[in-house]
Student: 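The structure is given below, and queries will be raised subsequently.
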Number of protein chains: 2
Amino acid sequence: MLDEYSASDKVLLALDCIIFGFDKEELKILLIKRDFEPEKGKWSLIGGFLKKEENLDEAADRILKKLTGLNNVYLEQLHSYSKIDRDPVERTISVAYYALINIEEHNEKLIDQYGAKWFSISEAPGLIFDHDTMVKHAISRLRYKTSKEPVGFELLPPKFTMKQLQTLYECILDEKLDKRNFINKINAMDILVKLDEKDMSSSRKGSFLYNYDQKKYLANKAKGFDFKI
Amino acid sequence: MLDEYSASDKVLLALDCIIFGFDKEELKILLIKRDFEPEKGKWSLIGGFLKKEENLDEAADRILKKLTGLNNVYLEQLHSYSKIDRDPVERTISVAYYALINIEEHNEKLIDQYGAKWFSISEAPGLIFDHDTMVKHAISRLRYKTSKEPVGFELLPPKFTMKQLQTLYECILDEKLDKRNFINKINAMDILVKLDEKDMSSSRKGSFLYNYDQKKYLANKAKGFDFKI
DNA sequence: ATATTTAAGTGTTAAGTTTACACTTCAAAT
DNA sequence: ATTTGAAGTGTAAACTTAACACTTAAATAT
């Protein structure tokens with residue numbers, strides 16, 4: 001440190017969460033209608049302020065739980081935003097997190113209570129402050145990660161079909177994928193467990209359900225999904 | 001936001017910079033010996049506090065310039081660190097940035113004045129607070145990026161040889177690379193300009209110098225160095 | 001002048017990966 | 001028994017990556 005502590009200005013430290021969900025057809029984000037000033041009545045990310053007794057990850061967990069009722073959610077710190085007038089009331093730095101949740105599991109009552117709503121990412125309204133930038137960054141981070149290694153199983157229910165997984169990837173990457181190649185590649189990665197159970201809702205034949213196996217995933221990740229220059 | 005502004009606690013917002021350099025053989029980081037309490041006399045990253053009139057990127061620029069004399073340095077926000085007692089004096093959140101600089105260009109006098117020193121990353125001393133964690137994350141980020149797409153030209157002088165570039169990649173990735181394959185791959189990427197000039201210092205024959213062409217790089221990056229799942 | 005030295009510079013082949021592509025199977029419904 | 005419609009499956013060609021060793025250029029020494 002080159003400065004003295006005393007010469008410095010304290011700031012409010014906010015957190016904002018980009019909450020992704022996937023409803024079998026589309027990638028969605030959860031937004032709330034602000035019920036206080038400034039920008040009351042406008043749509044925004046869910047957020048809050050860091051408290052004395054918690055670190056950022058804990059604060060993100062707390063904020064997410066408050067709105068969705070969910071614990072142990074996949075949460076990743078995205079970026080810190082610091083434009084001087086980003087919040088018109090007071091100098092506020094915001095640390096953005098993004099969450100991947102299974103859209104079937106969140107608590108509907110809580111969401112109603114906070115006036116929250118799921119929006120498909122293409123149809124989301126304009127957001128307050130710099131939240132649109134945050135969402136853009138989060139999507140681009142999710143897309144980047146997905147193009148480099150398999151991620152996003154947190155967005156699916158624990159049991160899912162290959163079709164669902166493929167559709168999820170198509171949504172995130174925003175491009176069509178070849179069914180046979182997709183299945184071959186996923187199988188080659190050896191990160192799924194095929195169950196003895198079928199989802200009969202999508203066809204007469206039914207389609208086998210799979211579990212994501214995190215242990216296998218981590219083992220294979222260590223061996224390297226990635227490429228070398 | 002779910003909380004009221006008033007219910008929140010303000011914090012000190014620090015920045016810490018992991019400054020990478022490359023001295024033709026090794027990847028290095030620039031550290032300073034703290035000349036004030038707490039932890040006076042111990043090695044640390046260069047840091048400072050965010051000021052009222054600047055955003056985080058500007059603060060990182062300012063802090064970096066103060067120590068190295070350099071402007072327009074490659075700087076990227078890494079992560080924010082928030083463990084409650086990470087700074088024993090006062091609750092402080094630190095946003096870490098990492099910088100890639102051409103080690104030949106920094107201002108030696110400034111560095112001496114601040115008691116700063118370059119350490120090879122394998123021989124760096126233990127650092128104060130959570131700075132070791134920050135360094136570990138920065139290296140891992142740099143390595144990850146390097147394994148996915150060509151980066152790090154900022155660590156070399158504007159004119160460099162293929163050998164230097166290869167050595168840099170070998171240092172970052174921590175593995176030996178095949179000379180012919182490396183050159184073929186870099187050439188195929190079409191991001192360098194071969195100059196009519198040789199570096200005669202390393203051999204009797206001399207080796208051609210190259211320029212990194214950022215325009216070409218960005219054009220090719222858009223076309224996609226990356227892979228698809 | 002000639003020979004020696006030493007890093008720079010160069011290309012091919014085999015192995016592996018990715019892509020493109022279409023028919024069969026299964027279970028339910030009629 | 002037949003129809004229906006999504007699920008499930010394999011191969012060959014194109015492309016990419018990996019492994020590998022000799023020639024060239026310029027300076028230095030003789």
Student: Quickly work out the Phe208(A) CZ to dA6(D) P distance and round it to whole Å.
Tutor: 18 Å
Student: Could you check Asn184(A) against Lys198(A) and say which one's nearest nucleotide on DNA chain C is further toward the 5' end?
Tutor: Asn184(A)
Student: Is the closest side-chain heavy-atom distance between Leu168(A) and Gln164(A) below 4.5 Å?
Tutor: no
Student: In whole angstrom, give the distance that lies between atom NZ of Lys179(A) and atom P of dT24(C).
Tutor: 14 Å
Student: Salt bridge or not between Glu58(A) and Lys83(B)? Use side-chain N to carboxylate O under 4.0 Å.
Tutor: no
Student: Lys176(B) has an atom NZ; how far is it from atom C1' of dC20(D), in whole Å?
Tutor: 17 Å
Student: Would you mind telling me which of dT9(D), dA28(C), dA8(C) lies closest to the side-chain atoms of Ile183(A)?
Tutor: dT9(D)
Student: Just do the salt bridge (Lys or Arg N to Asp or Glu O under 4.0 Å) check on Lys24(A) and Glu104(A) with the steps written out, would you?
Tutor: CA-CA 10 Å; Lys24(A) 295 178 198 299; Glu104(A) 292 171 5; 3.4 Å; yes
Student: Can you tell me how far P of dA19(D) sits from NZ of Lys185(B), to the nearest Å?
Tutor: 12 Å
Student: How many whole angstroms separate atom CE of Met200(B) from atom P of dA7(C)?
Tutor: 13 Å
Student: Any side-chain N or O of Ser202(B) under 4.0 Å from OP1/OP2 of dA8(C)?
Tutor: yes
Student: From the list dA7(C), dT4(D), dA6(D), which nucleotide is the closest neighbour of the side chain of Lys205(A)?
Tutor: dA6(D)
Student: Any Lys/Arg nitrogen of Lys28(B) or Glu123(B) sitting under 4.0 Å from an Asp/Glu carboxylate oxygen of the other?
Tutor: no
Student: Quickly work out the Phe182(A) CZ to dA7(D) C1' distance and round it to whole Å.
Tutor: 15 Å
Student: By nearest heavy atom, map Arg204(A) and Thr161(A) onto DNA chain D; which one lands nearer the 5' end?
Tutor: Arg204(A)
Student: Does Arg180(B) get its side chain close enough to the base of dA21(D), under 3.5 Å, for a donor-acceptor pair?
Tutor: yes
Student: Between dA26(D), dA7(D), dT9(D), spot the one nearest the side chain of Lys194(A), thanks.
Tutor: dT9(D)
Student: Could you tell me the separation between the CG atom of Asp178(B) and the P atom of dA15(C), rounded to a whole number of Å?
Tutor: 17 Å
Student: Provide, to the nearest angstrom, the distance between the CD atom belonging to Glu175(A) and the P atom belonging to dT18(C).
Tutor: 14 Å
Student: State whether Phe208(B) and Lys194(B) meet the cation-pi test: NZ (Lys) or CZ (Arg) under 6.0 Å from the six-membered ring centroid, and within 45° of the perpendicular axis.
Tutor: yes
